[in-house]
Amino acid sequence: MKVNFVSKLTDKNEILALVTDKKSLSEFKGLDKNLLSKINHAVNNENFEFNKFSSLEIINDKNNSFSKIIIISPGQKSLISGNDLAIIGGKINQISSKSKNKRVSVLVANEFSNDENLVEIGFGATLNTYKFNKYKSKKKAIKQINEITIISKNAVKLKNKFRQKNSVAEGIFLARDLVNEPSNILNPEEYAKRIKGLSKYGLKIEVLNETKMKKLGMWSLLGVGRGSQYESQLVIMKWDGNKSKKSKPLCFVGKGVCFDSGGISLKPGNKMEEMIGDMGGSAAVVGLMKVLALRRAKVNVVGVVGLVENMPDGTAQKPGDIVKSMSGQTIEIQNTDAEGRLVLADALWYAQDKYKPEIMIDLATLTGAIVMSLGNKMAGIFSNNDDLSDKLLDAGRDSGDNVWRLPLSDSYDKMINSKFADMKNIGIGGAGSITAAQFLKRFVNKVPWVHIDIAGTATGMEKSSINTSWATGFGVNLLNTLISKFYE
Ligand code: BES
Ligand code: ZN
Ligand code: ZN
């Protein structure tokens with residue numbers, strides 16, 4: 001599906017979408033008279049209420065220029081926020097795709113037609129096209145429009161702006177594809193290979209295999225992969241878009257558990273299949289790196305992902321084992337299902353030790369407890385730095401990838417002290433997401449850091465016009481928004 005920006009509405013297109021509130025309807029008086037009377041008639045007779053996202057379809061059978069009109073309302077201007085306009089773009093595509101027509105023009109009332117909004121409409125329309133149907137042997141005929149044309153006086157400028165935003169959609173699609181992919185295909189070795197393939201966009205990729213990680217003393221990460229037939233991998237992706245000054249990079253670290261069976265502390269069977277998505281944190285980092293490369297972002301960023309498979313086996317790690325992490329700290333394994341933090345412990349340490357980043361942010365489908373707290377609506381964030389955490393909250397509101405801050409404190413930290421080792425990998429007494437974050441904090445030095453628990457948002461969010469699959473790609477837009485707003 002192609003998104004176009006042109007300065008004048010022509011009637012060559014088959015569907016016309018009007019994004020408008022009631023009072024702005026009068027702006028469209030340049031349209032064909034028959035069409036206008038139909039629109040007014042429909043709006044009045046259907047008692048159409050111009051609420052946020054409400055829409056009306058009008059069939060135009062008089063052989064006039066447009067065969068169908070879609071009216072879609074953004075609601076009250078002061079209440080528009082986040083990705084509302086993207087949702088509208090998604091809806092335009094969704095509604096149009098049901099009809100036989102293949103092209104849509106979009107006219108937006110003046111009040112709502114600033115550049116950003118128009119680009120967001122194109123972005124949302126693109127997001128609506130996402131499908132994961134590669135394993136369907138009989139493909140349904142895909143009903144999809146070919147072209148959406150958005151009308152603006154600034155068409156030339158918007159074409160460039162849209163190209164940037166379209167990179168974000170491509171990064172989101174990559175993250176979704178990776179998360180939707182089953183673990184018999186996307187094992188840690190295959191995953192590392194796919195990431196290597198991103199070097200064609202100008203990213204520098206380095207892969208550390210088990211031999212290399214052993215040399216570095218990453219026994220915390222390596223312990224998780226012991227029961228798997230596949231080798232664990234640590235993959236480093238670098239984007240150097242800021243050549244002018246030798247600025248410290250931003251670091252993003254992701255949990256990449258290709259399948260989390262729980263290991264010897266085996267999970268119950270119900271919904272275990274969803275644990276193919278336990279690499280959602282890493283997928284967000286990989287998706288983000290692709291976005292940065294595609295849009296040639298003027299910033300230096302390092303992405304680090306720890307790729308493992310958590311399986312029970314004769315060789316697998318056992319409850320009661322004690323491992324030494326790369327940081328030198330020792331960990332008593334009390335539950336092999338609390339494996340994400342063990343992977344991140346070494347990945348975080350490696351990232352901050354090697355790259356001395358300005359900020360470090362990790363993403364992980366870390367705890368079931370965050371789903372209890374926040375459901376599938378927002379991700380939980382934990383931070384040692386108020387300023388960075390505020391920036392992330394801000395980026396969350398802008399992007400629609402919403403986050404909510406939860407606390408860290410010494411009283412929670414105490415809960416993971418161990419009798420035999422420096423710490424244990426689970427806390428008892430509730431607050432499971434916080435004790436998990438406290439665990440990670442023990443592997444972070446002075447660098448401003450945020451941990452994002454995306455267990456409830458990487459998959460299974462409510463479907464919408466811009467979120468059309470099980471995997472959401474959550475985090476890609478969030479982090480790209482953070483970077484472009486505060487670090488470029
Ligand atoms: N991958 C899970 C967390 C998870 C749960 C992700 C639901 C997505 C949906 C994680 O590795 C895990 O198993 N966590 C345990 C920790 C517990 C053993 C302390 C949990 O949350 O139950
Ligand atoms: Zn687990
Ligand atoms: Zn897990």
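Both counts, for ligands and for their atoms, begin at 1 and track the order of listing.
Note on Lys255 versus Glu339: salt bridge recorded, some NZ/NE/NH1/NH2 to OD/OE distance being below 4.0 Å. Under the 4.0 Å criterion applied to side-chain N and carboxylate O atoms, Arg295 and Glu488 are assigned as salt-bridge partners. Ion pairing between a basic and an acidic side chain is recognised when a charged N comes within 4.0 Å of a carboxylate O; Asp386 and Arg405 show such pairing. At a threshold of 4.0 Å, the pair Glu190-Arg194 counts as salt-bridged, since one of the basic side-chain nitrogens sits closer than that to a carboxylate oxygen. Classification of Arg442 and Asp413 as a salt-bridged pair holds, one side-chain N sitting under 4.0 Å from a carboxylate O. Salt-bridge formation is detected for the pair Asp337/Lys267: a Lys NZ or Arg NE/NH1/NH2 atom is positioned less than 4.0 Å from an Asp or Glu carboxylate oxygen. In summary, Glu206 and Lys238 do not engage in a salt bridge, as defined by a charged side-chain N under 4.0 Å from a carboxylate O.
Taking CD of Gln144 as the start and OG1 of Thr129 as the end, the distance is 6.0 Å to the nearest 0.5 Å. To the nearest 0.5 Å, atoms OH (Tyr135) and CG (Asn180) are separated by 10.0 Å. One distance of note links CZ of Phe53 with OG of Ser465; it measures 7.5 Å at 0.5 Å rounding.
Residue Gly340 places no N or O, backbone or side chain, under 3.5 Å from any N or O of ligand 1. Of the polar atoms of Asn335, none of the N or O atoms is found under 3.5 Å from an N or O of ligand 1, judged by distance alone.
Protein heavy atom at the shortest distance from atom 10 (C) of ligand 1 is Leu366 O, 3.3 Å. Atom 2 (C) of ligand 1 has as its closest protein heavy atom Asp260 OD2, 3.5 Å. Remark: minimum distance from atom 7 (C) of ligand 1 to any protein heavy atom is reached at Met275 CE, 3.8 Å.
Counting heavy atoms under 4.0 Å from ligand 1, residue Lys255 touches it through the side chain alone. By the criterion of a heavy-atom distance under 4.0 Å, neither the backbone nor the side chain of Val257 is placed next to ligand 1. Using a 4.0 Å cut-off between heavy atoms, Asp337 contacts ligand 1 through both its backbone and its side chain.
For atom 16 (C) of ligand 1, the choice among Lys267, Met372, Arg341, Glu339 with the nearest heavy atom turns out to be Arg341.
For the Zn ion (ligand 3), the N/O/S atoms of Lys255 include one lying under 2.8 Å. Residue contacts to the Zn ion (ligand 2): Glu339 brings an N, O or S atom closer than 2.8 Å.
Listed by atom number, the atoms of ligand 1 under 4.0 Å from Gly368 heavy atoms are 3 (C), 5 (C), 20 (C), 21 (O). Annotation for ligand 1: atoms under 4.0 Å from non-hydrogen atoms of Ile426 are 19 (C). Ligand-side atoms of ligand 1 in range of Thr367: 3 (C), 21 (O), range being under 4.0 angstrom from any heavy atom.
Not a single heavy atom of Glu274 sits closer than 4.0 Å to an atom of ligand 1.
Counted by atom type alone, Ser469 and Arg176 present zero donor-acceptor pairs between their side chains at under 3.5 Å.
Its N, O or S atom nearest to the Zn ion (ligand 3) is what matters here, and for Asp278 that atom is OD2.
Considering the Zn ion (ligand 2) as centre, the angle to OD2 of Asp260 and to OD1 of Asp337 is 100° (10° rounding).
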